[in-house]
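Following: one structure in C-alpha cells, then a few remarks.
When a ligand or atom number is given, it counts from 1 through the structure's own listing order. Numbers here simply count residues along the sequence, with the first being 1.
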Amino acid sequence: MALSVRTIVAVAVLLASAVWLSACGDAPKEERTESGSGTATTAPDEAASEVYKAGEPTFVTIGTGGITGVYYPTGGAIANMVNLKRDKYNIRATVEATGGSVFNINAVIAGDLQFGIAQADRQFQAVHGMAEWQERGPQKKLRAVFSLHPETVTLVAGDDTGIRDIRDLKGKRVNIGNPGSGQHQNSLDALNAAGLGIGDIQAVEVKAVEAIEMLESGTLDAFFYTVGHPSAAILKITRGKRKVRIVPILGVDTLFVLHPYYVPSSINMQYYPGAADAGKTVESFGVKATLVTSSDVPTPIVYALTREVFVNFEAFKAQQPAFAGLTKMGMLQGLSAPIHQGALRYYREAGLQ
Ligand code: GLU
C-alpha cells in the first residue's frame with residue numbers, strides 16, 4: 001500500500017512539469033558583477049545590460065528529450081526556476097521536446113537552442129571529437145553548466161521473449177535508439193562489451209516513445225533506453241498489456257576500462273510494481289545527465305539560470321523524483337566541457353569553485 005501511494009505521488013510529480021512554486025528561496029540582496037579580474041572581456045557586461053533592462057524579454061529554449069522521458073520535466077524544472085524571477089532578469093525560458101542528447105548538443109552549438117540536456121558521455125565525446133563528432137572534430141563552443149540526475153542504461157524486454165541476459169538479444173528485434181539520442185552509442189557499447197555486434201541483432205532505430213508502443217504491440221522484443229528513474233516512460237510500459245521485465249546488463253566490465261564516463265548503476269524496481277521483476281534491484285551501467293550551453297550564450301543569462309537553480313536548490317530538487325540524490329557539489333562533477341563563464345561566476349561567488 002505504502003508503495004503504491006509513493007508511486008502515485010512520484011507519477012504526479014513527474015507529470016507536473018508546470019508546477020508553480022510558491023516557496024522559493026530569496027535572491028541575494030544585490031546583483032553582483034564579475035569579481036576581480038581586470039582581464040575579463042567587456043562583452044558579458046554589455047550583454048548584462050541587455051538582459052536586465054526593461055523591454056523586450058530574452059527568450060531562451062532548453063532542449064530536452066521525448067515528453068515521457070526525464071529530460072523533458074527536468075527542462076521544465078530548470079525553466080521554472082528562471083521564470084519565477086522574470087521581473088528581475090527579463091528572461092523567458094521554455095523547453096522543447098527533442099531527439100535527445102546528440103540532437104541537443106548539435107542544436108546548442110549551431111545556436112538553435114541556448115541550452116540542452118545531454119548525457120555526460122556525449123558531452124565528453126563532443127568535446128574530444130569522438131563518436132558522432134569524429135569527422136567534425138572537437139566541438140570548441142560547447143560549455144558545461146552543471147550535471148543533473150544519474151541515468152541508467154535500461155534494457156526492457158517482453159517477458160515472453162525469454163530474454164534474461166543481454167547475450168539473449170542475439171537474433172532478436174531490438175531498438176538501439178534514434179540516432180539523435182544518447183542511448184544509441186550506449187546500446188552499441190553494451191552489445192560490444194557482451195561480445196555481440198550490431199549484425200547479431202535485428203536493430204531498430206526509433207525514439208523511446210515509439211519503442212514503447214512497438215514492444216507493447218509485439219513488433220519489438222526489447223529496447224535500450226538511457227534514462228533516470230523513476231521514469232514515466234518505463235512506468236507506462238511496465239503497466240501495459242504485455243508483461244515486461246528490465247534485463248540486467250552484467251559481465252560487461254571492459255566498458256569501464258575502455259570508457260571513463262561509464263559507471264556501474266542499478267535500478268530500484270520498487271518504482272515499477274507492474275514489471276515481471278518488480279521489487280528487485282537490476283544491475284546495469286550508467287552516466288550522468290548534464291546541462292550544456294554554448295560559449296555564444298551571454299554570461300548573464302547562464303549566470304541567472306545557474307544562480308536560480310542553486311539558490312533555490314531544495315525547491316528545484318523537489319520537482320523531480322529522479323533528483324533525489326542531487327547535491328550542489330555533485331552537480332559540479334562529471335563535466336568535461338569547460339564550464340561557461342556565467343556558471344563559473346556564480347560558483348565562485350557561492351564558494352563552490
Ligand atoms: N538519455 C536520453 C538521451 O540522451 C534521454 C532520456 C530522457 O529523456 O530522460 O537521449
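In this structure, the separation between CZ on Phe224 and OG1 on Thr226 is 9.0 Å, given to the nearest 0.5 Å. The structure places CG of Leu326 at 8.5 Å from NE2 of His149, a figure rounded to the nearest 0.5 Å.
Using cut-offs of 30° and 60° for the angle between ring planes, the Tyr261 and His259 rings count as parallel.
In the vicinity of Gln119, heavy-atom distances shorter than 4.0 Å reach the ligand 1 atoms 1 (N), 2 (C), 3 (C), 4 (O). In summary, the atoms of ligand 1 found under 4.0 Å from a heavy atom of Val227, numbered by their order in the structure, are 9 (O). Counting atoms of ligand 1 from 1 in the listed order, those under 4.0 Å from a heavy atom of Gly100 are 10 (O). The ligand atoms of ligand 1 that sit less than 4.0 angstrom from a heavy atom of Gly182 are 3 (C), 4 (O), 10 (O). Taking every non-hydrogen atom of Gln183 and a distance limit under 4.0 Å, the qualifying atoms of ligand 1 come out as 1 (N), 2 (C), 3 (C), 10 (O). Which parts of ligand 1 touch Ser101 is read off a 4.0 Å heavy-atom cut-off, strictly below it: atoms 3 (C), 4 (O), 10 (O). Against a heavy-atom cut-off of under 4.0 Å, Ser181 is close to the following atoms of ligand 1: 10 (O).
For the pair Arg307 and Tyr346, the cation does not sit on the ring face, since its NZ or CZ is not both under 6.0 Å from the ring centre and inside 45° of the axis.
The shortest heavy-atom distance from Tyr225 to ligand 1 is under 4.0 Å.
If you look at Arg122 next to ligand 1, there are no close heavy atoms at all, none under 4.0 Å.
Heavy atoms from other residues, nucleotides or ligands lying under 6.0 Å from CD1 of Ile67 number 12 at most. Other residues, nucleotides and ligands place no more than 12 heavy atoms under 6.0 Å from the NZ atom of Lys207.
Comparing Thr226, Val70, Leu148 by heavy-atom distance to atom 6 (C) of ligand 1, the nearest is Thr226.
Side-chain N/O atoms of Asp221 and Thr161 include no donor and acceptor closer than 3.5 Å.
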